[in-house]
Amino acid sequence: MSSLKNYSRRRFLTQSGLGLVAFAGMPGFLQAMEGMHGMPKLTPNKASPNFKPDVEFDLFCQSGSVSILPGQQTQVQQYTALLKTGPKETLTNIAGSYLGPLINLQKGQKVRINLYNKLTEPTVTHWHGLHVPANMDGHPQFTIDPGEILVYEFEVLNRAGMNIYHPHPHETTAKQVYHGLAGALFIHDEEEAKLELPAGEYEIPIVIQDRLFDEQNQLIYARNMHDRMTGFYGNRILVNGRPDFQIDVASRAYRLRILNGSTARIYKLGWDDGTPLTVIGVDGGLLEQPEVKPYVMLAPGERLDVWADFSGRNEGSQLVMRSLDFSGVLPKMAGRMGGMMHANALPVGSNYPVFTARVTKKVSDSPKLPSQLSKINWHPISTTANPDKPLPIGISEGPMAMLLNGRPYKFDDIQDFERIKVNTIQLMEIFHAHGGSGGHGKESAPAAEEHGGMGMMGGMKHGNDDQKGNGQGMMGMGHKGGGMGMMGGMKHDDDDQKSGGQGMMGMGGMGMMMAMAHPIHLHGQQFQIVSRSVSADNAADYATVRDGFIENGLKDTVLVMPGENVRIIKPFQDFKGLFMYHCHNLEHEDMGMMRDFLIE
């Protein structure tokens, strides 16, 4: 036990959380984490004379100012659009909002979008959730400079659902989204139309974001690295770009299309009077049958399709959607720091209102909730190309790195297991790669051992307790201690710690101290969740969120809690090229928690 009493000064700073502040303030920290990508500059794609669009519109990225709070207008970045060809309902502006117009497309339409960069910095737009060719997906390599135009051309292959469009330039995605560049994109199809779900004024988009303002009503963002380590959090909740949001409803059923547009904040959504949520869809569209939940977790990039029935409620009554109490999504280190990292923020996991629904009209007619919503084409594990060897997505975090599979983002840094044959279905496993019981389990050890190996910033060893953790590098990451770190040489005295040198970031205990929840987003086709499991050490925190996950729909973003292991099945069909996978905590994405799959 002497090792618990005789901390060296460096070890105390690191493990108390003060090291997080110290490391984050180191000169050159950003340079260590950024600028490694070697992204090429490509000539922007131009319109093809052979592509005949059913829908064409211009999409502008530009600066502007809007009234959000009383008083001075707020400077923002925003999308605006101009329809050139197609149905008039293709574009619908949200009045008084900085958010981009709602885009409505039909399955089977051929679409051309001309993206104009009217900003003073590079940008590119990603169609989050859409199944499109790699060169139309908004990969950072297609970023355009101010004054340039990028042309997207694709056929809508998705089933009905709510998707997102937002910037994806490397290292500045979060900043641009935070300042207003985001919008919702809806796909419609015949299967959805036959259900005659609430539409028009009875279908309401709900885009939830958190923001921090200064005394002049201007947005504050990421003042230092402390604001980025766990993600940036504001102290005001905005819905559709407005504070204190309220919807006036009649006493009938509505369809609420909810999107978490925050850069980092996770919500636990539930009605204030305990009325259950009836969920009819998620990221990838409609569920097969409605699911009734006491609350639903919603991480950045995730969407919900909610059947909200106000029938029987009296005129003048109101219902408040709140984010309810929960725990475990932030690292234990952050807790030890007494809130230093987010002193001005609305506490994550606390109870606060998101929006209010007020009944202003009594009506007698209301549509009936369908018992059968859709048919999903599920893929059994037996149909995957790798049923016994899931592809790993190993999450690791620390003061000096936010990594996937032991590596930060770098362009053209494809590992062997990141090369995937086109037209295959792949089994994948997302897990926390640092040591302790939250690490990778015995069941998947062979696959992870074969795929993981040494990363640019340290080794990643997964599996059972027989592995002694010999990863070396700036961030040694192993069970049983973690090997040599950047500064080497802190030996533990207790017998269980077998590795001789813990460095600045040996990731045995330290990795677990920094473990946090990550919404993992995979570009391209949407996936199905096969299983979720969590370590016993994290069970108490997990109990505060576990009833809010929906696994019976198609997803493109999944929240992975500390100590959790999530298996998914994802198709890679139709298109070759680079498709990204990354954390949709956008600050983490910009810090390098992002990788590419090469489909070939």
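This structure is a prediction, so every number in the text was calculated from the model and none was measured. Positions are given from 1, in the same order as the sequence printed here.
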Exercise for the section: Evaluate whether atom CG of Asp244 has more than 12 neighbouring non-hydrogen atoms of other residues, nucleotides or ligands under 6.0 angstrom away. Expected result: no
Exercise for the section: Please name the pair of heavy atoms, one in Ile529 and one in Ile550, separated by the smallest distance, quoted to 0.1 Å. Expected result: CD1-O, 4.4 Å
Exercise for the section: Carefully, step by step, assess His521 and His582 under the rule ring pair (Phe, Tyr, Trp, His ring centres under 6.0 Å). Expected result: CA-CA 6 Å; His521 171 51; His582 60 84; 5.3 Å; yes
Practice task
Test side-chain hydrogen bond (donor to acceptor under 3.5 Å, both in side chains) on Asn217 and Thr74 and set out the steps.
Solution key: CA-CA 6 Å; Asn217 289 347; Thr74 303; 5.4 Å; no
Exercise for the section: Compute the ring centroids of His139 and His168, then answer whether they are less than 6.0 Å apart. Expected result: no
Problem - Residues which pass ring-ring contact (aromatic ring centres under 6.0 Å, His included) with Phe326, listed by chain and number, not counting sequence neighbours - result: none
Problem - For Arg595, all residues meeting salt bridge (Lys or Arg N to Asp or Glu O under 4.0 Å), sequence neighbours excluded - result: Asp413, Glu418
Exercise for the section: Just grab all the ring-ring contact (aromatic ring centres under 6.0 Å, His included) pairs involving residues 198-225, residues at least two apart or on different chains. Expected result: Tyr178-Tyr221, Tyr202-Tyr254, Tyr221-Phe232
Problem - Side chains of Val558 and Arg532 in contact at under 4.5 Å (non-hydrogen atoms) - result: yes
Handout entry: Polar contact flag, side-chain donor to acceptor under 3.5 angstrom, Gln372-Glu288
Key = no
Exercise for the section: Report yes or no: does Glu191 contribute a side-chain atom to a donor-acceptor pair with the main-chain N or O of Ala160 at less than 3.5 Å? Expected result: no
Exercise for the section: Could you pull out all residues at least two apart from Pro353 that satisfy side chain to side chain contact (heavy atoms under 4.5 Å, CB included)? Expected result: Val320, Arg322
Completion exercise
salt bridge (Lys or Arg N to Asp or Glu O under 4.0 Å) filter on Asp596, not counting sequence neighbours, yields none
Exercise for the section: Apply salt bridge (Lys or Arg N to Asp or Glu O under 4.0 Å) to Asp137 and list each qualifying residue two or more places apart in sequence or on a separate chain. Expected result: none
Practice task
Consider only side-chain N and O atoms of His588 and Glu397, and report whether a donor and an acceptor are under 3.5 Å apart.
Solution key: no
